[in-house]
Amino acid sequence: MAASLSPLAVRAIPILVESAQRGETISYRDLAAAIGTAPYVVRRPLLRHIKHKALRGRYPLLTAIVVDQETGLSTYQAGPIGFDLLDEQARSQFVRDQQEEVFAYEGWPQFLRELGLQQSPESTPDVQGG
């Protein structure tokens with residue numbers, strides 16, 4: 001399935017999974033820097049692409065953990081169709097609920113395998129060194 005992913009998604013998804021497994025959000029700016037693109041590319045086309053991959057596989061919304069560096073809030077890319085029509089309180093609650101689900105989810109290695117991806121090297125334990 002990796003063939004159906006954009007090159008940026010191939011680089012971004014393992015980073016997002018690593019952040020999810022640590023129980024941490026990541027800013028658009030930091031994700032963009034890590035994959036070598038501009039934050040506006042992360043905000044729209046990339047997160048939309050990743051969100052659809054997660055939803056299609058019935059996985060938690062991994063995009064909910066990508067937040068604005070200044071506000072600490074996620075954008076509409078975290079939510080389903082109609083998310084942007086919710087009032088601010090409902091959007092915030094939805095994102096918090098989604099983030100909790102993403103952080104608690106233990107099936108991220110399976111998600112990566114289904115996409116034909118591997119955990120980023122920085123997040124796998126070094127077993128050679130003893």
Side-chain angles (χ1 to χ4, degrees):
M1 185 187 272
S4 68
L5 292 172
S6 72
L8 289 176
V10 167
R11 293 196 301 266
I13 291 171
I15 293 167
L16 292 175
V17 166
E18 181 181 340
S19 292
Q21 290 174 320
R22 287 192 316 261
E24 298 174 354
T25 59
I26 185 170
S27 73
Y28 296 101
R29 186 176 298 157
D30 289 344
L31 180 58
I35 64 173
T37 193
Y40 75 88
V41 173
V42 169
R43 278 186 186 266
R44 302 289 179 173
L46 179 62
L47 289 184
R48 186 177 306 124
H49 183 72
I50 293 170
K51 177 177 74 173
H52 290 298
K53 292 294 179 189
L55 290 174
R56 194 171 302 138
R58 302 204 192 291
Y59 289 96
L61 287 172
L62 189 56
T63 53
I65 66 169
V66 186
V67 299
D68 182 275
Q69 187 168 333
E70 303 300 320
T71 66
L73 301 174
S74 188
T75 67
Y76 78 94
Q77 290 301 335
I81 294 172
F83 175 74
D84 54 334
L85 301 176
L86 298 174
D87 65 49
E88 186 176 340
Q89 183 177 0
R91 281 194 310 266
S92 294
Q93 185 61 52
F94 177 84
V95 169
R96 281 193 302 277
D97 292 346
Q98 294 304 307
Q99 287 173 341
E100 288 177 18
E101 188 175 334
V102 167
F103 296 149
Y105 188 66
E106 296 181 2
W108 292 121
Q110 175 64 27
F111 177 67
L112 291 173
R113 280 192 299 277
E114 284 185 16
L115 295 175
L117 301 174
Q118 297 180 352
Q119 194 96 19
S120 63
E122 299 84 34
S123 65
T124 55
D126 179 14
V127 293
Q128 293 178 345

Minimum heavy-atom separation for Ala20 and Leu62, please, with both atom names. CB-CD1, 4.0 Å
To the nearest 0.5 Å, tell me how far Asp97 CG sits from Ser92 OG. 10.5 Å
Atom of Ala64, atom of Val67 and distance for their closest heavy-atom approach: O-CG1, 4.4 Å
When you compare the side chain of Asp68 with that of Arg43, does any pair of heavy atoms fall below 4.5 Å? yes
Heavy-atom closest pair, residues Ala32 and Ala38: CB-C, 3.7 Å
So, for Ser6 and His49, which heavy atoms are closest and what is the spacing to 0.1 Å? N-NE2, 3.5 Å
Name all residues meeting the salt bridge (Lys or Arg N to Asp or Glu O under 4.0 Å) criterion together with Glu24; count only those two or more places apart in sequence or in a different chain, and write none if there are none. Arg22
Passing candidate, side-chain contact (heavy atoms from CB on, under 4.5 Å) with Ile13, options Ile35, Leu46, Leu8, Leu117: Leu117
Roughly how far, to the nearest 0.5 Å, is the CG atom of Leu112 from the CD atom of Glu18? 10.5 Å
Arg11 atom CZ, neighbour heavy-atom count above 12 within 6.0 Å: yes
Apply the test side-chain hydrogen bond (donor to acceptor under 3.5 Å, both in side chains) to residues Gln99 and Arg96: give CA-CA distance (whole Å), side-chain angles for both, the deciding distance (0.1 Å), then the verdict. CA-CA 5 Å; Gln99 287 173 341; Arg96 281 193 302 277; over 6 Å; no
Audit row: Glu114, Gln110, side-chain hydrogen bond (donor to acceptor under 3.5 Å, both in side chains) steps and yes/no: CA-CA 6 Å; Glu114 284 185 16; Gln110 175 64 27; 3.0 Å; yes
Do any N or O atoms from the side chain of Trp108 and from the backbone of Val102 form a donor-acceptor pair under 3.5 angstrom? yes
Rounded to the nearest 0.5 Å, what's the gap from OG1 on Thr63 to CG on Leu47? Could you check? 6.0 Å
Over all heavy atoms of both residues, which pair between Val42 and Tyr28 is shortest? Give the atoms and the distance, please. CG1-CD2, 3.8 Å
Heavy-atom pair with the smallest gap, counting every atom of Ile50 and Ala9: CG1-CB, 4.3 Å
Is Phe94 close to Leu61 at the side-chain level, that is, under 4.5 Å between some pair of heavy atoms? yes
CD of Gln69 to OG1 of Thr25: how many Å apart, nearest 0.5 Å? 10.5 Å
